[in-house]
Number of protein chains: 4
Amino acid sequence: MVTGSSKPQQRRGDTRQRIQDVALELIAEQGYEKTSLREIAERLGVTKAALYYHFKTKEDIVVSLFSDLMAPINELITWAKEQPRPAPLETKREILTRYSEALSEAAPLFRFMQENQAQMRELSIGENFKDRMHDLIAQLLPEDASLTDRVRCISALFSMHAGMFVLKDVEGDPEEKRLAILEVATDLITQAHKH
Amino acid sequence: MVTGSSKPQQRRGDTRQRIQDVALELIAEQGYEKTSLREIAERLGVTKAALYYHFKTKEDIVVSLFSDLMAPINELITWAKEQPRPAPLETKREILTRYSEALSEAAPLFRFMQENQAQMRELSIGENFKDRMHDLIAQLLPEDASLTDRVRCISALFSMHAGMFVLKDVEGDPEEKRLAILEVATDLITQAHKH
Amino acid sequence: MVTGSSKPQQRRGDTRQRIQDVALELIAEQGYEKTSLREIAERLGVTKAALYYHFKTKEDIVVSLFSDLMAPINELITWAKEQPRPAPLETKREILTRYSEALSEAAPLFRFMQENQAQMRELSIGENFKDRMHDLIAQLLPEDASLTDRVRCISALFSMHAGMFVLKDVEGDPEEKRLAILEVATDLITQAHKH
Amino acid sequence: MVTGSSKPQQRRGDTRQRIQDVALELIAEQGYEKTSLREIAERLGVTKAALYYHFKTKEDIVVSLFSDLMAPINELITWAKEQPRPAPLETKREILTRYSEALSEAAPLFRFMQENQAQMRELSIGENFKDRMHDLIAQLLPEDASLTDRVRCISALFSMHAGMFVLKDVEGDPEEKRLAILEVATDLITQAHKH
DNA sequence: AATGAATGAGATTTCATTCAT
DNA sequence: CATGAATGAAATCTCATTCAT
């Protein structure tokens, strides 16, 4: 949990945050549909109605989560988009490096997305994210890239997104794993760059 | 739809099949939780109770789907596992090629898996599939493979699984796309093989 | 209650009817919003879910009630509309007489309407009824009737609609009261006819 | 809106009034049950808790509305009651005329009553109003009036109460309509007087 | 091989109300 | 004079499931 309060006896004003934390945790684990507001409320020690004081609907909780946690990643993509095009290999490498770092901080969010793809499609934010991805791909690929290179790029990004969870039962330090994924992704982009 | 009957005037005995078809279609699109038996029954023009004549529970429908559609893939993996180890590059290539073909025939199933990962975890069959994957990875990698090569291999397989859906809004003929994915996957395995 | 069954130990197939009966009774007494499905279900000795087997929504119960009980009145109005126009006084009198009879049989429905006017406005059927009234008024009035005569006519119809409930605490036999209302209404229409 | 303040820049002390205004408006339109305190508060730009500073309960808002707006009408009825009995026709006419004027000023209140009859029954004030009506009827009718004349009288009063809303979709100037209703009512009372 | 009728559990959501500040 | 935060109760509705026929 992120919101550590030094005075545990009585928290005030952080209920909204705590709802988001618990919701993210539960939904990432069980999926959106299977996570009920009752469950969230119970774990927080409040009533269901309290959730509705802070959020208009169940969906609203998720949307707020998304906006909050996606912000740094959106910023990064915006920065990447602004780099001169066609970008030199060095820039592409930096984009990937930074992206990897940003992802590892938003890991729970991406676990959530991974496990709730059906939901994402209806959550409006899904489209938004797809557009961002297109921007990122456009920056990492020459415009006339072959289909194979396009697949390389998509595969690289996709592996970074899903990597952390898929590698859960591979032994090894998480940071090492992250660097390994980054290396593979960088390789793929490098190959696509040469052609 | 796959289940074409030669005598269209009166279907008999194919209800089980039709339930599976509709269930797969709906669940792949909307997710397991969001797809209700009412919806499946309505689309088939039967009552919910009819579903219970053919399957014991909702979960049972999914499990049956899985067993049926996963069979060819399981066979393939069994065959791969039986190849002498360490496998030469040529064998690995063949495994990938055959795997790609098998996957493209079970595409809806993999879409289903992709979009219902939370469910898969509770469906027992999830574990089963994970074990199979381990077997496949073991056959495609040297035993002392570096973490990076391990990531390459996992990334290759993962890309093949998810590829079809992720590439949905990339233009191009599906078969061409499949071959492009196969090429990238083969590349990754080849690199891992050399080291 | 209308649906008297001779074998009280086990009713079958009449649940839909019984839901309508109880709903009408309760809603007429307490209003639409204040009557909960729980209450209806409890009084019937079934679960709330059973109501949803027979009707799609709470509103649907009311709409069905309406369609069923309004049918004879609609028929009557249709008949009235088909009479040659301008109608002679005798015809107008007959319309009123028949209308009074029809109303007294649909009394609970009109109590319902009287007490749930806010609801009626959203129930679509409200509009329908208003149109019918216009037809009836058109048949009872000369086309160039003065505003005062128009008010006479509306007042007559309105008194017939509301009469039964408003006269609840006037002593006297219900049938006598009905005839008194009919007489006043006929008077009003007669005056409007003369002018 | 009635509550015009001469200093528009800053309202003070008129919140109570504004709550009543908004509540009357909304409840007349949607009904008591369907109008929530949230809605009232939102439209006023205050919180629900603020309503509870000014009124003890939701019902209290309605009761206060009633007391305030009903006062002139109660006064009028009291005056009518004090007239010598049996009243001459001229007096009855004056009562009706004044009543019509009083009603047209309390129009929203009567719309409210019209549309919330179920509620009125539980609001204690309902009984109160019924008693007043009895007083009024007693003054307008000979004591030994026939049932028919009794109906005439009730019909007259009822038409005045409901008239404004029922005539909503009849074309014409509101004041003209009011006079037409008054004329019809006076006619009815005059007939009852003669017998 | 399937239906009609029903259930029990639980979901999301809304409401009037309270109270410390 | 009013708010921010919360509650308890209840509402409508949906779902997987059962069972006699």
Side-chain angles (χ1 to χ4, degrees), chain A residues 11-16 19 32-41 44-61, chain B residues 11-16 19 32-41 44-61, chain C residues 10-16 19 33-41 44-61, chain D residues 11-16 19 32-41 44-61:
Chain A
R11 307 195 205 92
R12 198 188 297 149
D14 63 345
T15 303
R16 208 189 128 95
I19 293 171
Y32 176 82
E33 299 277 357
K34 217 175 189 186
T35 302
S36 70
L37 295 183
R38 179 181 56 68
E39 207 177 351
I40 296 176
L44 280 170
V46 297
T47 59
K48 278 174 287 167
L51 304 187
Y52 278 90
Y53 177 76
H54 293 282
F55 298 94
K56 251 193 349 232
T57 62
K58 186 185 179 185
E59 186 173 325
D60 201 37
I61 299 180
Chain B
R11 303 195 208 92
R12 199 189 296 154
D14 65 342
T15 302
R16 208 188 126 94
I19 293 171
Y32 176 81
E33 298 277 358
K34 215 175 189 185
T35 303
S36 69
L37 294 185
R38 177 176 60 64
E39 208 177 351
I40 296 175
L44 280 169
V46 298
T47 59
K48 271 181 294 170
L51 304 186
Y52 279 88
Y53 179 80
H54 294 281
F55 298 95
K56 243 183 15 216
T57 63
K58 185 184 181 186
E59 189 173 322
D60 201 37
I61 299 180
Chain C
Q10 212 165 343
R11 306 193 205 97
R12 199 187 299 148
D14 63 342
T15 303
R16 205 189 131 96
I19 292 171
E33 299 278 357
K34 217 176 187 183
T35 303
S36 70
L37 297 183
R38 178 181 57 67
E39 208 176 351
I40 297 175
L44 280 170
V46 298
T47 60
K48 279 173 287 167
L51 305 187
Y52 280 93
Y53 177 75
H54 292 282
F55 299 94
K56 251 199 341 237
T57 62
K58 184 185 180 184
E59 187 174 324
D60 200 37
I61 298 180
Chain D
R11 304 195 208 90
R12 197 190 297 154
D14 65 342
T15 302
R16 209 188 126 94
I19 292 171
Y32 176 81
E33 298 278 356
K34 216 176 188 184
T35 302
S36 69
L37 295 186
R38 178 176 60 66
E39 207 177 350
I40 296 175
L44 280 169
V46 297
T47 59
K48 273 181 292 172
L51 305 186
Y52 279 89
Y53 179 80
H54 293 281
F55 299 94
K56 241 181 19 213
T57 64
K58 184 185 180 185
E59 188 174 323
D60 201 36
I61 299 179

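Note that this is a predicted model, so its numbers are computed, not measured. Numbered from 1 within each chain, the chains take letters A, B, ... in sequence-line order. Side chains included, hydrogens not; waters and symmetry mates left out as well; all remaining heavy atoms used.
- For the atom pair R38(B) CZ and K48(B) NZ, the distance stands at 8.0 Å (nearest 0.5 Å).
- Look at dA1(E): it lacks any Watson-Crick or wobble partner with both distances under 3.5 angstrom.
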Dump every N/O contact between nucleotides 13-16 of chain F and the protein below 3.5 Å, one line per pair.
residue : atom : partner : partner atom : Å
dC13(F) : OP2  : Y52(C)  : OH           : 2.6
dC13(F) : OP2  : K58(C)  : N            : 3.0
dC13(F) : O5'  : Y52(C)  : OH           : 3.1
dC15(F) : OP2  : R38(B)  : NE           : 3.2
dC15(F) : OP2  : R38(B)  : NH2          : 3.1
dA16(F) : OP1  : K58(B)  : NZ           : 2.7
dA16(F) : OP2  : L37(B)  : N            : 2.9

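- The distance between atom CZ of F55(A) and atom C1' of dA5(F), rounded to the nearest whole Å, is 14 Å.
- Using a 4.5 Å heavy-atom cutoff, the side chains of V46(D) and I19(D) are not in contact.
- Using Watson-Crick or G-U wobble geometry with both donor-acceptor distances under 3.5 Å, dA11(E) finds its partner in dT12(F).
- Going from atom CD1 of I40(B) over to atom CG of L37(B) covers 5.5 Å, rounded to the nearest 0.5 Å.
- Going from atom CG of L51(A) over to atom OG1 of T15(A) covers 10.0 Å, rounded to the nearest 0.5 Å.
- With a 4.5 Å cut-off on side-chain heavy atoms, Y32(D) and K58(D) count as touching.
- Taking the nucleotide of DNA chain F with the nearest heavy atom to each of G45(D) and A50(A), the more 5' of the two is matched to G45(D).
- Pair check for dT21(E) finds dA2(F); Watson-Crick or G-U wobble, both atom distances under 3.5 Å.
- At the phosphate of dA6(F), OP1 or OP2 sits under 4.0 Å from a side-chain N or O atom of H54(A).
- Note: E33(C) CD to K34(D) NZ = 5.5 Å, rounded to the nearest 0.5 Å.
- One finds a side-chain N or O of Y53(A) lying less than 4.0 angstrom from the OP1 or OP2 phosphate oxygen of dA5(F).
- Rounded to an integer number of Å, the gap from CG of L44(C) to C1' of dT7(E) is 15 Å.
- Computed from coordinates, the L51(A) CG to dT7(F) C1' distance equals 12 Å when rounded to whole Å.
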